[in-house]
Amino acid sequence: KRTLLPLRRAEAPAVVFPGRLGVQPLELQSMVVELLNCIPPLLLLLLAWGLDRVLFMVLGAVRQHSFVQYSFRSSHHLELRVAGTSLLARLLRSTVGALNTSSHLHVDSSNLGRRWRGARGAAAGAAARCSAPLPARAACLPQPRAMTTQGYVDSCLPLALLALLCLVQVYTYRLRRVLAAFFFPKREKRRVLFLYNQLLRQRQCFVQLQRRRVARRAQQRQGLGMSVLERCCRRWPALRRYMRRRCVVCEEPEGPRSRVCAAPACAAVYCGPCW
């Protein structure tokens, strides 16, 4: 009965081994595609961060350079004097004396608020003052607040989880065969037979293809002639141990299990599985 194991070096990338912890070439393709799908959300996140920073800088400049302040001061003093000692003069002094007033006004106005400071006095010198304090915070100016480190971390966390799921899903996909074999054992047997026959057909085609490839290389070498290094190795076989030769089929470096063609005019190197 023909067996498939061990697989050839060229056949291993086309098969997924569930027991291996590393990501295999067939799984790497799907993982790269999933990671590429994470690029648009990442670009959107970077754009949002950039806009947030630009708005913070613009509003900070507006707050720093948009403070306007006005100061207004005025003073008014009215005094009527009536001279004389007659009855009419005394009557006018008692009547017109109530019109004697004095006032001082000081107004500080800005886009933070307004403060009034004023004093009014009669002829007798009585004064009354009123004052309104400025607001504690700027009501008309923007109050920008920079994004905290925790905010950046919170915004990155969903995207990091998405990328982590893209890496972990490679291992979860391996469980599909286990679940299918548990619930549908007969179908799993048909799948195994199909894979076995498919690999056998591919191996037969692979052998025929590599035979034509080796024959073509041999013809090219005969047409071009042997190099000086090959002639030296033919003359002194001990020099072959210092040459780094590879398998003519799968390009694997020469090792202890490698075989050399026995034909005198060939001397091609084959690895153990290809031999």
| query | About how many Å separate CG of L91 and CG of L87, when rounded to the nearest 0.5 Å? | reply | 6.5 Å
| What is the minimum heavy-atom distance between T85 and R90, and which atoms define it? | O-NH1, 2.6 Å
| field | V16-L195 co-clustered via ILVMFWY side chain contacts under 4.5 Å | value | no
| task | Could you tell me the separation between the CG atom of L42 and the CG atom of N37, rounded to the nearest 0.5 Å? | result | 13.0 Å
| field | Shortest non-hydrogen separation from T172 to Q169 and the atoms involved | value | OG1-O, 2.8 Å
| Would you say the side-chain atoms of R63 pair up with the backbone N or O of Q143, donor to acceptor, closer than 3.5 Å? | no
| message | Using the rule that Ile, Leu, Val, Met, Phe, Trp and Tyr join whenever any side-chain heavy atoms are under 4.5 Å apart, tell me whether V23 and L167 fall into a single cluster. | response | yes
| field | S103 and H77, any side-chain heavy atoms less than 4.5 Å apart | value | no
| request: Enter the distance from I39:CD1 to L159:CG here, rounded to the nearest 0.5 Å. | output: 10.5 Å
| Partners passing salt bridge (Lys or Arg N to Asp or Glu O under 4.0 Å) against R53 (at least two apart in sequence or in another chain) | none
| field | Between CZ on residue R191 and CD on residue Q198, distance to nearest 0.5 Å | value | 11.5 Å
| request: Before accepting this row, confirm whether a basic side-chain N of the pair R81/E79 lies closer than 4.0 Å to the acidic partner's carboxylate O. | output: yes
| If every non-hydrogen atom of A163 is compared with every non-hydrogen atom of L35, which pair is closest and at what distance? | O-CD2, 4.1 Å
| field | Shared hydrophobic cluster for V168 and L161 (ILVMFWY, side-chain gaps under 4.5 Å) | value | no
| said: Please say yes or no: joined through hydrophobic side-chain contacts below 4.5 Å, possibly via intermediate residues, are V32 and L43 part of one cluster? | reply: yes
| query | Rounded to the nearest 0.5 Å, how far does CD of E34 lie from CG of L162? | reply | 8.5 Å
| task | For the pair Q24 (side chain) and F17 (backbone), establish whether a donor and an acceptor sit closer than 3.5 Å, ignoring hydrogens and angles. | result | yes
| query | More than 12 non-hydrogen atoms from neighbouring residues, nucleotides or ligands closer than 6.0 Å to CE on M147, yes or no? | reply | yes
| request: Spell out, as yes or no, whether a donor-acceptor pair under 3.5 Å connects the side chain of Y171 to the backbone of L21. | output: yes
| Backbone of A48 reached by a side-chain donor or acceptor of D52 within 3.5 Å | no
| message | Show every side-chain hydrogen bond (donor to acceptor under 3.5 Å, both in side chains) that has at least one partner inside residues 145-163, sequence neighbours left out. | response | W49-S155, Q150-D154
| field | Same cluster (ILVMFWY, side-chain, under 4.5 Å), L199 and L193 | value | no
| Spacing of CG belonging to L105 relative to NE2 belonging to H76, to within rounding of 0.5 Å | 12.0 Å
| field | Residue pair C156, L45: steps toward the side-chain contact (heavy atoms from CB on, under 4.5 Å) verdict | value | CA-CA 8 Å; C156 287; L45 181 62; 4.2 Å; yes
| task | Any chance you could lay out the side-chain hydrogen bond (donor to acceptor under 3.5 Å, both in side chains) test for S75 and H104, step after step, and finish with the verdict? | result | CA-CA 4 Å; S75 179; H104 300 278; 3.0 Å; yes
| request: Examine distances only and state if a side-chain atom of R174 and a backbone atom of P18 form a donor-acceptor pair shorter than 3.5 Å. | output: yes
